[in-house]
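Working notes, structure below.
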Amino acid sequence: MLDKYDFRTAEKEMQKLWEDKDVYRFDPDSPNKIYSIDTPPPTVSGSLHIGHIFSYTQAEMVARFRKFTGYNVFYPFGFDDNGLPTERLVEKEEGIKAKDLPRDVLYEKCMKTTAKYVEEFTNLWKSLGFSVDWNLRYETINERSRRISQKSFIRLAKEGKAYVKESPVLWCTECQTSIAQAELDSADIKSTFNYIYFMVDGEPLTVATTRPELLYGVVCLFVNPEDERYKKYVGKKAVVPVFNYEVPILTDEIVSLEKGTGVVMCATYGDQTDVEWCEKHNLPYRKVLTPEGRLDESVPYVAGMSVYGARKELLRLLEEQGLLEKVEELVHTVQTHERCGKPIEILPSRQWYIDILSHRDLFAEAGNKINWYPTFMKNRYDVWVENLKWDWCISRQRYFGVPFPVWYCKKCGKPLFADESILPVNPLEYTPEATCECGCTEFVPESSVLDTWATSSMTPQINAHWEEPDGTDISETLAPMTMRTQAHEIIRTWAFYTIAKSLYHTGEVPWRDIMVCGFVLAKKGEKISKSKGNAVKSPPQLVEEFGADCIRYWAANTKLGTDTYFSDDELKIAKRFLTKLWNASKFTLTHLNDYDKTDAVELLPIDKWIVERCKQTMRRCISLLNEYEIGSARHEIDDFFWKDFCDYYVEISKERLYQPDIHGVEARRSGQAAIYYCLLNILKMYGVFVPHMTEYIYQDAFAAKEGVDCLPRNLWSVDGEDDEEAIAFGECVKAAISEVRKFKSENNISMKADVESMTIVTPEKFKAAFDQTLGDIVACCHAKEVKFEIQ
RNA sequence: GGACGUUUAGCUCAGUUGGUAGAGCACUCGCUUGACGUGCGAGUGGUCAGCGGUUCAAGUCCGUUAACGUCCACCA
């Protein structure tokens with residue numbers, strides 16, 4: 001018998017129950033249709049906040065819903081622990097620099113740190129009652145992930161889709177590694193637009209630049225071929241100020257007539273345009289910057305200086321030599337590295353790439369083959385594909401990651417790929433026995449590691465144990481996965497890369513649906529972040545204080561894809577709901593002690609109404625959840641439960657349930673059948689959102705009677721169509737009761753007070769049903785007399 | 001600069017195929033109703049951002065303007 005509900009003990013008990021019964025285990029041999037979920041392995045970054053709960057909980061509810069409707073749910077959980085984010089976390093936590101440590105020491109530290117956070121994350125998800133099959137857990141640094149990631153690389157390289165090339169690459173001088181376009185951020189910074197003189201035939205030609213420190217890298221000047229002002233200079237030589245060497249003056253259509261003076265200097269490399277120009281016009285490379293972000297030793301006057309120091313010094317020199325016309329202040333946007341926020345540079349270096357630019361059409365087409373929820377999120381994918389400018393640079397000059405399974409011939413430099421049978425392999429610790437085509441038998445290992453996205457983009461294959469040597473491959477049953485869930489910020493990375501890899505390896509898209517969640521903001525336009533100090537209580541604190549069901553109920557109050565805010569008020573609503581569910585269940589169950597569901601009963605019209613409304617709610621709920629509309633589904637149930645079931649039906653049927661002596665045993669039994677059906681199905685439906693309390697009540701009152709040991713195994717079942725007639729009759733009864741309530745309220749009298757007489761206006765077709773409901777109405781309204789008026 | 005999204009009650013938001021504007025919170029008034037006062041009942045409150053169009057009929061469709069948000073681009 002239900003008494004008091006203590007979520008702190010009950011939630012733990014229910015979690016243990018599910019675990020003991022192994023309820024969420026994926027059964028590869030089950031005949032049921034598979035519903036497989038590719039859920040994001042969170043970056044083990046140490047900052048766990050309400051946003052994680054929000055998006056992961058929404059996905060979890062979808063998993064639960066599918067489980068409840070009979071699917072064989074494949075719901076794994078991964079952790080993205082390799083790569084730069086982990087290294088940076090360890091550097092920060094321990095106050096060290098990764099490059100100063102021996103690799104094995106760093107590796108140990110990273111493994112230790114990730115293990116700590118993986119445990120913390122896992123505990124949180126468990127405390128929220130996630131229906132994850134923890135047997136399917138993976139980490140992107142584990143052996144299988146490394147093997148699959150390396151295999152992917154080798155195959156792409158052999159097919160010519162991955163290549164190594166010495167060329168300009170986006171470079172972070174802070175993290176000292178190459179990065180990919182997808183890892184770029186941007187920031188508005190204050191700077192100066194500097195107008196400086198290049199001398200042409202002894203006459204000054206003014207060039208405006210924001211980067212005077214790159215003067216020594218200038219390889220030519222460009223003007224627009226249509227620019228009348230400068231036609232006479234084309235083909236001549238200009239003298240680079242301060243450094244006094246000559247460069248040609250060339251033309252290019254993309255030079256703007258309005259910007260600066262219309263003359264632009266091309267330096268190696270100020271930006272993407274410089275790179276394009278150098279390729280197009282076959283210009284030489286002049287080294288100016290080092291990978292550390294300092295001026296190269298070969299640069300006169302400013303060698304060894306930082307970018308900003310050199311800029312200052314060169315402006316001073318220009319000024320001193322009378323070569324600086326003017327300086328304008330400006331704010332402009334610079335590209336930064338998303339992980340550290342430092343402006344990026346473009347430096348030539350030898351890197352591995354995956355060719356994505358030549359298959360843009362393929363990716364755009366793939367976007368159309370996937371169902372996007374909400375649909376407008378596809379736009380972000382399309383825009384990203386359209387704007388791709390660089391092939392995907394996948395090599396990182398870092399340490400804690402999946403190594404490149406490749407060596408280079410010491411003599412001719414030709415790459416030697418590891419045989420798939422020895423994967424995963426660390427080339428630094430393994431000496432290949434092979435002979436290069438050139439006859440050489442000595443090889444130099446690649447020391448870079450793979451971009452962390454190169455591995456996490458393989459999650460569908462990692463989950464499927466893609467061609468794993470131990471024979472556990474389930475790609476046949478799993479590909480394509482049913483659904484991918486993720487937040488919108490990583491569409492350009494995780495979603496895009498996963499699609500690209502899947503197309504390259506299988507020719508198919510990786511999943512059928514993609515569900516894109518929104519963010520939790522601290523307030524309008526402000527992301528939650530530790531640095532801003534606007535983070536609310538930590539997720540574990542919130543669970544401890546309010547309980548998992550309470551937080552989950554809050555997380556379900558949303559339209560898919562839209563951002564939301566967090567507030568205590570919202571949690572209060574959730575808390576109140578749980579109290580209501582508890583009390584309603586408690587009341588209902590007091591009338592079911594002697595109820596046997598195998599007894600055949602003919603439902604009275606009003607009982608039929610509530611049962612039909614319950615079925616209708618379930619049908620609507622299924623249809624909404626099929627579309628990933630969690631919020632609307634919850635509101636649909638709320639509406640039925642709180643209004644129709646509690647406020648109307650319970651009040652209507654109460655008297656009959658309490659007084660079988662007066663109203664008859666049969667009439668009571670009909671009511672019992674209705675409340676049994678409704679409460680059970682209310683629990684089933686709310687089981688998606690608040691699994692703990694619903695299971696607790698189910699265990700107390702239903703498990704034995706139903707002969708099904710727990711709620712997740714008591715599947716939803718609703719046949720047929722809505723019974724419009726039965727529902728319309730209920731609406732008619734509600735209207736009659738509502739009028740009486742209104743009358744009493746307007747006259748400030750108690751609902752318990754008698755009314756002398758009431759008249760029900762009804763269409764003829766409901767007259768008979770009303771006759772059967774008369775006792776209920778009389779009791780509920782405390783009416784002494786009921787008259788009818790047929791419409 | 002381009003794209004996408006948002007704009008509905010004081011606040012947070014629902015409004016499916018065009019057919020008389022909805023919920024929760026807040027507010028007002030009332031009710032010790034044999035589960036729940038964390039409740040129940042009844043109310044107050046909206047030119048659906050502006051303008052123009054299509055239609056018998058527009059919150060809903062089309063065009064346009066504005067504000068806000070986001071993504072992308074610009075970065076000489």
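Below, chains carry the letters A, B, ... as their sequence lines are ordered, and counting in each starts from 1.
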A/H635 NE2 to B/C13 C1', in whole Å, measures 8 Å
Answer for the Watson-Crick or wobble partner of B/C27, both distances under 3.5 Å, is B/G43
Nucleotides 15-24 of chain B: which of its N/O atoms have a protein N/O under 3.5 Å away?
residue, atom, partner, partner atom, Å
B/G15, OP1, A/K559, NZ, 3.3

Where the side chain of A/N681 meets the backbone of A/Y677, is there a donor-acceptor pair that is under 3.5 Å apart? yes
Quick note, side-chain hydrogen bond (donor to acceptor under 3.5 Å, both in side chains) partners involving residues 643-656 of chain A, not counting sequence neighbours, are A/D607-A/Y649, A/D607-A/R656, A/R613-A/D644, A/D644-A/K734, A/E651-A/K654, A/E655-A/H663, A/R656-A/D776
Against the side chain of A/E655, the closest entry in B/G34, B/C13, B/C40 is B/G34
* **Ring-ring centroid check A/F546 A/F7, cutoff 6.0 Å** => no
*Taking the six-membered ring for Trp, are the ring centroids of A/F198 and A/Y233 within less than 6.0 Å of each other?*
no
Among B/G43, B/G41, B/A76, the one nearest any side-chain atom of A/K742 is B/G43
A/N748 atom CG is separated from B/G43 atom P, nearest whole Å, by 13 Å
Practice task
State, with a plain yes or no, whether a side-chain heavy atom of A/E328 is found less than 4.5 Å away from one of A/Y195.
Solution key: yes
Taken to the nearest whole Å, OH/A/Y5 to C1'/B/C36 is 17 Å
| So what does A/A584 hit on the nucleic acid, given a heavy-atom distance under 4.0 Å: a base, only sugar-phosphate, or nothing? | base
_By the 4.0 Å heavy-atom rule, please label A/N387 as base, sugar-phosphate, or nothing._
sugar-phosphate
pair_partner(B/G22), Watson-Crick or wobble, both distances < 3.5 Å, evaluates to B/C13
**Request:** Answer yes or no: is there a donor N or O on one side and an acceptor on the other, between the side chain of A/T562 and the main chain of A/T558, under 3.5 Å?
**Result:** no
